[in-house]
Undergrad: 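For reference, the structure I am asking about is given below.
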Amino acid sequence: MTTGLIFDIKKFAINDGPGIRLTVFFKGCNLACKWCHNPESISPKVQKMYNAKKCIGAVKCIENCPNDALKMTSEGIVTDYNICNLCGKCAEVCPTKAFEMLGSEIPISELMKKIDNEAIFFDQSGGGVTFSGGEPLMHADYLIEALKECGKRMYHRVVDTTAFAKLETVLEVAKHTELFLIDLKVMDSAKHKEFTAVGNEKILSNIMELAKTNCEIIFRIPLIKGVNTSEENIRETAIFINSLEGNRKAINLLPCHNIAENKHMKLGNLTKSNVFEAPSNIETEKIISIFENFGITATVGG
Ligand code: SF4
Ligand code: SF4
């Protein structure tokens with residue numbers, strides 16, 4: 001039985017492709033962007049999150065832990081991860097959801113039931129299913145199986161990805177996908193590596209090959225001041241997009257914000273982000289006009 005590690009399934013999503021969508025978030029990403037809004041999606045393993053603000057000291061978690069891994073301290077409940085086996089029993093009994101488990105293995109049949117339940121909204125809105133993450137291409141076998149099942153039912157399929165995977169995987173997924181949403185982060189590879197942990201050579205070459213297929217691609221560019229908002233980077237991004245085969249003239253700009261800071265803290269600060277700023281409205285307008293000069297329509301949001 002094929003299962004996939006999924007950390008969330010969002011109904012009525014309206015920013016992950018056309019119409020009303022069901023978005024499936026895979027857990028595990030081979031990048032580690034310092035501004036990541038879903039830091040809980042980066043580890044490819046089940047994790048446990050603790051929110052001290054929600055904890056009312058009911059200690060049911062301590063009583064229910066089979067491994068004696070929890071201790072009450074002045075800062076709330078502390079887990080000894082040397083002995084915690086992530087069984088999730090503490091989260092099951094927590095009355096306020098101060099403990100939450102992140103990620104569960106879901107068989108394809110169960111996933112398809114959840115997707116089928118939303119099909120009525122796809123039909124009415126021109127929507128469908130979006131596979132996001134984390135990085136969906138890290139779960140290629142499961143992803144392809146789910147895409148094929150969605151294809152049999154004529155659901156519109158979107159894959160939201162960094163394109164950082166083996167080229168064969170990208171091209172196989174493309175056979176079962178109508179639209180790719182691809183993050184283009186920063187064009188200089190050394191800077192890409194500094195901020196995301198990997199260089200971008202493979203990403204750019206995969207995108208060039210993907211553009212030769214019939215798949216629609218929408219690029220999404222997170223705008224992060226000091227990382228990718230310089231005129232030089234925007235020009236290089238536009239030149240790259242214009243070099244691709246097919247009509248790739250629409251992109252989405254996503255000004256970065258720091259909503260994930262709290263999540264980084266709840267994960268125990270292990271992946272604490274830096275503070276990142278979005279460009280001002282004036283700077284964003286300038287970026288839009290640079291893209292316009294290259295014949296590319298850039299829209300904020302999407
Ligand atoms: S690619 Fe996306 S999910 Fe992965 S670390 Fe970067 S922002 Fe987070
Ligand atoms: S996940 Fe299981 S082992 Fe870990 S603290 Fe909770 S109950 Fe104990």
Side-chain angles (χ1 to χ4, degrees), residues 26 28-39 41-44 131-140 143 158-174 177 179-213 215-246 248-256 260 271 273-274 276-279 283-284 287-288 290-291 294 296 298 302:
F26 285 98
C29 185
N30 32 26
L31 274 63
C33 304
K34 291 186 175 171
W35 55 82
C36 183
H37 289 163
N38 291 325
S41 71
I42 294 177
S43 164
F131 295 94
S132 183
E135 174 50 69
L137 300 183
M138 272 182 79
H139 307 262
L143 174 66
V158 171
V159 174
D160 178 8
T161 176
T162 63
F164 187 76
K166 284 187 188 153
L167 177 60
E168 306 89 86
T169 302
V170 176
L171 295 180
E172 187 56 35
V173 168
T177 300
L179 166 65
F180 280 88
L181 301 175
I182 300 186
D183 279 14
L184 265 186
K185 296 167 197 294
V186 56
M187 296 306 289
D188 178 75
S189 188
K191 204 162 189 186
H192 197 280
K193 187 162 188 182
E194 179 188 346
F195 284 98
T196 73
V198 303
N200 64 2
E201 291 84 356
K202 185 196 280 274
I203 291 172
L204 298 182
S205 67
N206 281 349
I207 292 171
M208 287 162 82
E209 292 304 314
L210 187 60
K212 293 175 187 166
T213 71
C215 283
E216 192 184 346
I217 303 174
I218 295 178
F219 292 105
R220 306 218 284 189
I221 301 175
L223 290 182
I224 307 146
K225 209 168 164 164
V227 177
N228 64 357
T229 53
S230 70
E231 188 167 336
E232 187 190 2
N233 182 63
I234 299 300
R235 285 175 168 280
E236 280 181 29
T237 307
I239 290 167
F240 174 73
I241 292 172
N242 277 348
S243 75
L244 298 172
E245 283 191 23
R248 317 281 170 202
K249 299 295 184 195
I251 61 169
N252 295 150
L253 304 176
L254 307 174
C256 179
T271 54
S273 63
N274 298 334
F276 289 102
E277 256 183 76
E283 289 164 320
T284 304
I287 289 167
I288 290 172
I290 296 172
F291 278 119
F294 282 88
I296 296 170

Undergrad: When rounded to the nearest 0.5 angstrom, what distance separates CG in L31 from NZ in K193?
TA: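 Rounded to the nearest 0.5 Å, the CG-NZ separation comes out at 11.5 Å.
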Undergrad: Donor-acceptor pair, N233 side chain versus M187 backbone, under 3.5 Å?
TA: yes
Undergrad: Under the salt bridge (Lys or Arg N to Asp or Glu O under 4.0 Å) definition, can you give me all pairs with a residue in residues 222-232, not counting sequence neighbours?
TA: K225-E283, E231-R235, E231-K286
Undergrad: Dump the intermediate steps for side chain to side chain contact (heavy atoms under 4.5 Å, CB included) on L137 and F164, then the final yes or no.
TA: CA-CA 8 Å; L137 300 183; F164 187 76; over 6 Å; no
Undergrad: Please walk me through it: do I251 and I241 pass side chain to side chain contact (heavy atoms under 4.5 Å, CB included)?
TA: CA-CA 9 Å; I251 61 169; I241 292 172; 3.7 Å; yes
Undergrad: Between N252 (side chain) and A298 (backbone), is there a donor-acceptor pair under 3.5 Å?
TA: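 Pair absent, no side-chain N/O of N252 close to backbone of A298.
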Undergrad: Nearest 0.5 angstrom please: T284 OG1 to L253 CG, how far?
TA: 7.5 Å
Undergrad: Any non-hydrogen side-chain atom of I218 less than 4.5 Å from a side-chain atom of F180?
TA: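 Counting from C-beta outward, I218 and F180 never come under 4.5 Å.
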Undergrad: If we only count heavy atoms from C-beta on, is the L210 to T213 side-chain gap below 4.5 Å?
TA: yes
Undergrad: For C33, is there any backbone N or O sitting under 3.5 Å from a side-chain donor or acceptor partner on T196?
TA: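 Absent.
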Undergrad: Let me see the working for T229 and I224 under side chain to side chain contact (heavy atoms under 4.5 Å, CB included), right down to the final yes or no.
TA: CA-CA 6 Å; T229 53; I224 307 146; 5.7 Å; no
Undergrad: Please lay out, stage by stage, how K191 and E194 fare under the test salt bridge (Lys or Arg N to Asp or Glu O under 4.0 Å).
TA: CA-CA 5 Å; K191 204 162 189 186; E194 179 188 346; over 6 Å; no
Undergrad: Would you say F131 and D160 make side-chain contact, with heavy atoms under 4.5 Å?
TA: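 Result no, sub-4.5 Å side-chain heavy-atom pair not found.
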Undergrad: How long is the straight-line distance from CD1 of I234 back to CD1 of I288, given to the nearest 0.5 Å?
TA: 10.5 Å
Undergrad: Given side chains that start at C-beta, do those of C36 and I42 come closer than 4.5 Å, heavy atoms only?
TA: yes
Undergrad: State the CG-CZ distance between L223 and F276, to the nearest 0.5 angstrom.
TA: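 The CG atom of L223 sits 13.5 Å away from the CZ atom of F276.
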Undergrad: Could you please spell out the steps behind the side chain to side chain contact (heavy atoms under 4.5 Å, CB included) verdict for I182 and T162?
TA: CA-CA 5 Å; I182 300 186; T162 63; over 6 Å; no
Undergrad: Where do A278 and C256 come nearest, in terms of heavy atoms and distance?
TA: CB-O, 3.2 Å
Undergrad: Side chains of V173 and V159: closer than 4.5 Å at any heavy-atom pair?
TA: yes
Undergrad: Could you tell me whether the side chain of F26 reaches within less than 4.5 Å of the side chain of L143, counting heavy atoms only?
TA: yes
Undergrad: Can you tell me how far CD1 of I207 sits from CG of D183, rounded to the nearest 0.5 angstrom?
TA: 9.5 Å
Undergrad: Taking N206 for the side chain and V170 for the main chain, is one N or O donor matched with an acceptor at less than 3.5 Å?
TA: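 It does not hold such a pair.
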Undergrad: For N30 and M138, which heavy atoms make the closest approach, and how far apart are they?
TA: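 Scanning both residues completely, I find the closest heavy atoms to be N-SD, 3.4 Å.
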Undergrad: Roughly how far apart are F219 CZ and K185 NZ, rounded to 0.5 Å?
TA: 13.0 Å
Undergrad: Of all heavy-atom pairs between C29 and G134, which one has the smallest distance, and what is that distance?
TA: CB-CA, 3.9 Å
Undergrad: Do R220 and L184 touch side chain to side chain, with heavy atoms closer than 4.5 Å?
TA: no
Undergrad: Answer yes or no: is there a side-chain heavy-atom contact under 4.5 Å between F294 and T237?
TA: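 No. Closest side-chain heavy atoms not under 4.5 Å.
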